[in-house]
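Below is one structure, written out as structure tokens; the observations come after it.
In what follows, chains are A, B, ... by sequence order, proteins preceding strands, each numbered from 1.
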Protein chains: 2
Amino acid sequence: MSITMREVAEHAKVSIKTVSRVVNGEGEISHSTRQRVQHAITQLGYRPNLMARALVTQRSYMIGFLVADICNPFFAEVSRGIQDTAKEHGYHLIIANTDDDGDEELAALNALSARLVDGVIKFNRQTTTPQPPDQQNAPDIPTVYINSTPESLATLAAATQSPITNVSADIYKGARLAVEHLVAKGHRHIGMLAGLAPDVNLMRRRRAYFDVLREHGLPFDESHIVHLLPRLSDAQAAAKQLLLANPQFTALFCYNDVLALGAMHACAELGRKIPSDCAIVGFDDVEYAAAVLPPLTTVRIPKRELGRQAALALIQKMANPAAKINLPLLKTELIVRGST
Amino acid sequence: MSITMREVAEHAKVSIKTVSRVVNGEGEISHSTRQRVQHAITQLGYRPNLMARALVTQRSYMIGFLVADICNPFFAEVSRGIQDTAKEHGYHLIIANTDDDGDEELAALNALSARLVDGVIKFNRQTTTPQPPDQQNAPDIPTVYINSTPESLATLAAATQSPITNVSADIYKGARLAVEHLVAKGHRHIGMLAGLAPDVNLMRRRRAYFDVLREHGLPFDESHIVHLLPRLSDAQAAAKQLLLANPQFTALFCYNDVLALGAMHACAELGRKIPSDCAIVGFDDVEYAAAVLPPLTTVRIPKRELGRQAALALIQKMANPAAKINLPLLKTELIVRGST
DNA sequence: TTGAAAGCGCTAACAA
DNA sequence: TTGTTAGCGCTTTCAA
């Protein structure tokens with residue numbers, strides 16, 4: 001068993017409340033008393049029991065982060081943003097991997113909300129249609145969403161009374177930059193390697209892709225897009241098939257950097273040089289995008305900043321759950337490298 | 001404020017203790033009573049207050065993971081192993097990034113040990129000599145180390161009374177496999193791209209590298225190794241310099257996959273074809289090792305298994321802190337791909 | 001099979 | 001400036 005405040009109080013011959021005051025730096029305390037207490041604390045090696053404190057104050061100073069998979073470098077970066085900001089404000093972070101599974105997510109939410117965390121940050125699930133939180137089971141806890149689409153937010157808003165808080169990067173704009181870059185490079189036949197629908201974030205990229213092509217009077221067609229799970233193993237085969245079916249393509253716009261890598265493999269397999277025979281643009285700018293050969297042109301999402309903004313918003317929201325928090329749409333940016 | 005056990009008890013017209021029994025599935029309870037209680041629980045939406053429970057039981061069912069940077073894909077994978085195992089056993093995981101900084105680490109340890117977590121898993125710091133934990137400040141909390149060297153463990157053991165628990169992969173063996181593979185491929189002049197000394201894990205690779213070359217009567221020399229921070233930006237320049245200084249090299253053994261990527265860039269810059277002009281072997285087998293072009297031959301460390309074993313060991317240790325836990329040295333494995 | 005009372009270690013109100 | 005008292009919501013004796 002460890003040292004309690006009471007023991008410190010006895011040791012320092014003061015009341016327990018005085019110790020509490022010293023520990024929390026509150027109230028006016030005479031210098032000599034404070035010194036005595038401090039001395040007792042260090043001598044006994046006292047450390048406050050956070051569980052007891054949390055029980056009284058109803059605040060655990062922990063927040064939860066629900067994420068599909070922390071191994072995904074994109075999510076890892078966001079988590080660092082959250083974590084660094086949380087730490088600055090005295091919060092700890094509990095990460096729960098959901099593997100993009102609704103039941104896992106609900107289970108995690110339930111576990112965390114049992115007064116364990118003061119709030120939650122979560123991505124909307126990727127591979128399925130967004131569902132309104134099950135009011136029967138899912139607890140009402142201050143929550144900040146990341147990168148949710150207006151549509152899924154509308155669904156959410158309909159299901160809850162309190163205002164929804166969402167932090168997003170400007171995916172549509174980023175996707176436009178990518179496709180416009182390819183057009184500017186003189187490409188007229190551009191294919192797209194896309195994620196599986198319905199993905200809350202795919203739609204924005206699709207729309208941008210179609211919009212830009214249409215605006216430039218370039219050919220576009222549903223058949224110019226191939227949909228797949230964003231996994232490298234599938235990407236290579238899918239990209240190869242797409243290029244074989246559309247030999248006119250001189251460029252590919254990819255849903256994310258992993259798919260872009262798959263496309264690079266496909267080009268290697270087909271003997272197509274990058275970027276001369278086929279230009280490739282990715283999305284996210286994960287760490288290794290700069291490291292592959294040739295380095296990947298991609299759209300950078302400000303991942304840490306996304307996490308930072310989410311954490312800040314959550315801290316506000318935990319202080320005042322009813323507050324309507326307005327957040328800027330974070331800027332995305334085209335990073336031009338060797339693959340275009 | 002949320003529903004308490006007392007309210008459930010009143011609603012179900014039983015004592016608070018009976019509710020507790022139902023919630024925790026303990027003791028014999030008549031079917032009808034249990035039903036009534038269950039009904040009250042779901043109707044009121046009761047969820048136990050974990051802080052209160054932790055206060056009484058002295059167990060928070062949370063564990064901490066101290067890591068340099070969760071964005072490093074190697075650490076992320078280990079964390080998944082920990083997390084999945086922890087979840088199976090009812091534990092949550094708090095991740096603290098230390099950026100390989102001693103003060104950060106101590107601060108995190110102090111914060112977590114204030115009865116917040118029941119135990120901690122940590123990597124030894126990489127870039128500095130291992131230090132004995134400061135007994136004044138660092139709290140004594142069940143701890144499991146990952147991938148510590150015998151030397152650093154000895155230092156630790158001297159400073160603490162309780163037995164040290166450490167989970168390791170067989171780095172030396174893996175490094176041997178890598179260099180032996182290069183030798184078997186006919187390479188006689190093999191350089192090494194190494195991390196910065198003193199790194200607790202570099203030594204094992206160095207020793208393996210020298211041992212294998214010596215055993216085969218191949219030339220080895222301290223000047224055949226270049227030391228640098230394991231960052232891509234530095235790696236390319238360092239590899240280039242090494243290859244220019246030693247034109248006889250036909251193969252490079254790299255400290256990790258990031259450095260290997262840097263070496264690949266250097267080869268591209270020098271117009272050396274991989275693997276015909278220069279073979280490259282990495283270490284770790286991070287996710288993108290298979291994704292680069294050509295795919296990287298590398299030594300796989302069982303990252304998730306490392307995390308899993310660490311979590312299991314910690315769970316044992318938390319149950320019985322004095323227990324001496326014997327753990328197997330986890331097997332490393334050479335994954336041969338296109339870069340050799 | 002069920003219940004009453006005590007207390008985990010802390011903070012919050014109110015006194016002194 | 002300092003102390004006293006009463007809980008926070010739960011589990012743990014012990015008793016019925």
* Asked: Listed by chain and number, what are the side chain to side chain donor-acceptor pair (under 3.5 Å) partners of A:Ser79, not counting sequence neighbours?
  -> none
* Atom CZ of B:Arg59 with >12 non-hydrogen neighbours under 6.0 angstrom -> yes
* Heavy-atom neighbours of B:His39 NE2 exceed 12 at 6.0 Å -> no
* To do: Please state whether the phosphate of D:dG9, meaning OP1 or OP2, lies under 4.0 angstrom from any side-chain nitrogen or oxygen of A:Gln58.
  =>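 Answer is yes, contact under 4.0 Å.
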* To do: Would you tell me if any nitrogen or oxygen in the side chain of A:Thr18 comes within less than 4.0 Å of OP1 or OP2 on D:dT1?
  =>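 False: A:Thr18 side-chain N/O out of range (4.0 Å or more) of D:dT1 OP1/OP2.
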Between [N] atom [atom2] and [X] atom [atom1], what is the distance in whole Å?
X       : N     : atom1 : atom2 : result
A:Glu7  : C:dC8 : CD    : C1'   : 13 Å
A:Met51 : D:dG7 : CE    : P     : 24 Å
B:Arg59 : D:dG9 : CZ    : C1'   : 20 Å

* Structure fact -> Each nucleotide of nucleotides 10-16 of chain C classed B (base within 4.0 Å of a protein heavy atom), S (only sugar-phosphate) or -, in 5' to 3' order, makes BBBB---
* Asked: Considering heavy-atom distances to DNA chain C, does B:Val14 or B:Leu55 have its closest nucleotide positioned more toward the 5' end?
  ->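 Residue closer to the 5' terminus by nearest nucleotide: B:Val14.
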* Asked: Where does the angle between the aromatic ring planes of B:Phe65 and B:Phe123 fall among parallel (under 30°), tilted (30 to 60°) and perpendicular (over 60°)?
  -> tilted
* Structure fact -> Taken in chain and number order and not counting sequence neighbours, the residues that satisfy side-chain contact (heavy atoms from CB on, under 4.5 Å) with B:Ala96 are B:Leu66, B:Ala108
* To do: Kindly calculate the angle separating the two end axes of the helix from C:dT1-D:dA16 to C:dA16-D:dT1, each obtained from five base pairs, and round it to 10 degrees.
  =>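 It works out to 30° between the end axes.
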* To do: Return yes if a side-chain donor-acceptor contact under 3.5 Å exists between A:Asp100 and A:Thr98, otherwise no.
  => no
* To do: Tell me, please, which residues at least two apart from B:Lys13 pass salt bridge (Lys or Arg N to Asp or Glu O under 4.0 Å).
  =>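 B:Lys13 satisfies salt bridge (Lys or Arg N to Asp or Glu O under 4.0 Å) with no other residue.
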Would you tabulate the side-chain donor-acceptor contacts of residues 307-323 of chain A under 3.5 Å, counting partners in other chains and residues two or more places apart, or write 'none'?
{"residue": "A:Gln309", "atom": "NE2", "partner": "A:Glu305", "partner atom": "OE2", "Å": "2.8"}
{"residue": "A:Lys317", "atom": "NZ", "partner": "A:Thr143", "partner atom": "O", "Å": "3.4"}
{"residue": "A:Lys317", "atom": "NZ", "partner": "A:Pro163", "partner atom": "O", "Å": "2.8"}
{"residue": "A:Lys317", "atom": "NZ", "partner": "A:Thr165", "partner atom": "OG1", "Å": "2.9"}
{"residue": "A:Asn320", "atom": "OD1", "partner": "A:Ala322", "partner atom": "N", "Å": "3.3"}

